[in-house]
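Every value quoted in this text rests on a predicted model; they were computed, and no experiment measured them. Note that these values count all heavy atoms, side chains included, but never hydrogens, waters or copies made by symmetry.
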Protein chains: 2
Amino acid sequence: MFSQASEYALRALTELARCDPQEWVLTSQLAKLLDVPVHYLAKVLQTLARRGILESQRGRQGGFRLGMSPDDVSAYDVVRELDDIRSLESCIMGENDCSDDTACPLHALWKTIRDEFVDALRNTTLRDLADFQEARPGSGRLAAVKSKLPELRRPGPGAAASG
Amino acid sequence: MFSQASEYALRALTELARCDPQEWVLTSQLAKLLDVPVHYLAKVLQTLARRGILESQRGRQGGFRLGMSPDDVSAYDVVRELDDIRSLESCIMGENDCSDDTACPLHALWKTIRDEFVDALRNTTLRDLADFQEARPGSGRLAAVKSKLPELRRPGPGAAASG
DNA sequence: TGATAATAGGACTTGTTTATCCATTTATCA
DNA sequence: TGATAAATGGATAAACAAGTCCTATTATCA
């Protein structure tokens, strides 16, 4: 249904919506948690950062975090940035002149389904996705990934303990 | 939504369901009517012929015609031959372990929409598509294409008039 | 100030879909 | 029997998505 890019984006943003909104999260941590190609995920995150859905910080202590409130970003907003979502609007039989007026044989059916789908995506926020994931048994967490990657763990400012 | 191949197939089969089931129709006639690439359409039709949805006849007076009753072929049957329709069954967020038991945040939504869509495709026959198209104002007909392509027009056996 | 760790961005590879072209096979017609 | 018209099948190209790799840029830390 969605492109790989959109799938990765939805999953990454869901995880970012689950953790401290101030915290910078590494691409490598997200890739590890989601089990997706790290370089490709990086491209996706960069695109989302250009669009304002994410903020990015270069250099040491850098990473990505949400650029907007998870209540203000819908699943539709995410997919729209990465997929040509207007293709959902076009004729499912590929006709050139298919509209409500001159409908192809599948137009009414497709319009019903598609509108239902798009409405649901518009009404589902990153907060919704994060809350669902939070309540899901056995769902991994970024914190767990970090504790399993000691070479990536960094003491926060003021934390002097070093094991 | 569907691949180009499926779109071409649905449209071509709809037209074939509108005309004499005994008549052999040329790829070039269908391509002209649908305004699609003739060679690519030919590949699609050949695939459908291998699957039994179409019959084909080589040589002069050859062409394609339905291999089954238009009442017995659903839109789902057509798309299944050309697209990997199982991708509709897989997780919309791309998760590996997403099922009714361990559902991703969009699972319930997607399952509802997808089932509704697939059921509708299963319950829509080529006859339905053809009937709709038949009642549609301004929908082209294969007969019209043939009369506009005199070089393709062939007298039927016993038809001697050539005026 | 230099080393390090991170994002940013471009070039490249790989695989699939879409599309084109050509030669082959097959059936009909004169 | 030969010419013609059609599907068949293979090779190839173009466009796109997915993924990899390398370098540049930027921020932090010692």
Legend entry - Distance-only donor-acceptor check, side chains B/R18 and B/S139, under 3.5 Å: yes

Legend entry - Integer-rounded Å distance: C/dC22 P and B/H39 NE2: 9 Å

Legend entry - B/K43 (side chain) and D/dG9 (base): donor-acceptor pair under 3.5 Å: yes

Inset, instruction - Would you check if the side chain of B/R136 reaches a backbone N or O of A/T102 as a donor-acceptor pair within less than 3.5 Å? - result: yes

Inset, instruction - To the nearest Å, give me how far apart CG (A/L82) and C1' (D/dA18) are. - result: 13 Å

Inset, instruction - Mind calculating the distance between OH (B/Y8) and C1' (C/dA19) to the nearest angstrom? - result: 9 Å

Legend entry - Aromatic ring pairing A/F117/A/F2, orientation class (parallel under 30°, perpendicular over 60°, tilted between): parallel

Legend entry - Nearest listed nucleotide, side chain of B/Y40, among C/dA19, D/dT8, C/dG9: C/dA19

Inset, instruction - Could you check how far CG of B/L45 sits from P of C/dA19, rounded to whole Å? - result: 14 Å

Inset, instruction - Name all residues meeting the salt bridge (Lys or Arg N to Asp or Glu O under 4.0 Å) criterion together with A/R65; count only those two or more places apart in sequence or in a different chain, and write none if there are none. - result: A/E55

Legend entry - No-hydrogen, no-angle side-chain donor-acceptor test under 3.5 Å, B/D84 and B/S87: no

Legend entry - Per-nucleotide protein contact string for nucleotides 23-30 of chain D (B base, S sugar-phosphate only, - none; heavy atom under 4.0 Å): --BBBBS-

Inset, instruction - Check the distance between D/dT20's P and A/L41's CG and give it to me in whole angstrom. - result: 12 Å

Inset, instruction - Grab the CD-C1' distance between A/Q29 and C/dA5 for me, whole Å please. - result: 12 Å

Inset, instruction - Please check the phosphate of D/dT8 (OP1 and OP2 only) for any side-chain N or O of B/S56 closer than 4.0 Å. - result: yes

Inset, instruction - For B/Q4, answer base if it contacts any base atom (sugar-phosphate contacts may also be present), sugar-phosphate if it contacts only those atoms, and nothing otherwise; contact means non-hydrogen atoms under 4.0 Å. - result: sugar-phosphate

Inset, instruction - Mind calculating the distance between CG (B/L26) and C1' (D/dT8) to the nearest angstrom? - result: 15 Å

Legend entry - Length of the line joining A/L54:CG and C/dA6:C1', which is rounded to integer Å: 15 Å

Inset, instruction - Verify the contact: side-chain N or O of B/T27 to OP1 or OP2 of D/dA7, cut-off strictly under 4.0 Å; return yes or no. - result: yes

Inset, instruction - Look at the side chain of B/A5 and decide which nucleotide, out of C/dT7, C/dT18, D/dA18, has an atom nearest to it. - result: C/dT18

Legend entry - Listed partners of A/S6 passing side chain to side chain donor-acceptor pair (under 3.5 Å), at least two apart: A/D83

Inset, instruction - Examine the side chains of A/T14 and A/R11 and answer whether a donor and an acceptor come within less than 3.5 Å of each other. - result: no

Legend entry - Which nucleotide in C/dT7, D/dG19, C/dT20 has an atom nearest any side-chain atom of A/Q46: C/dT7

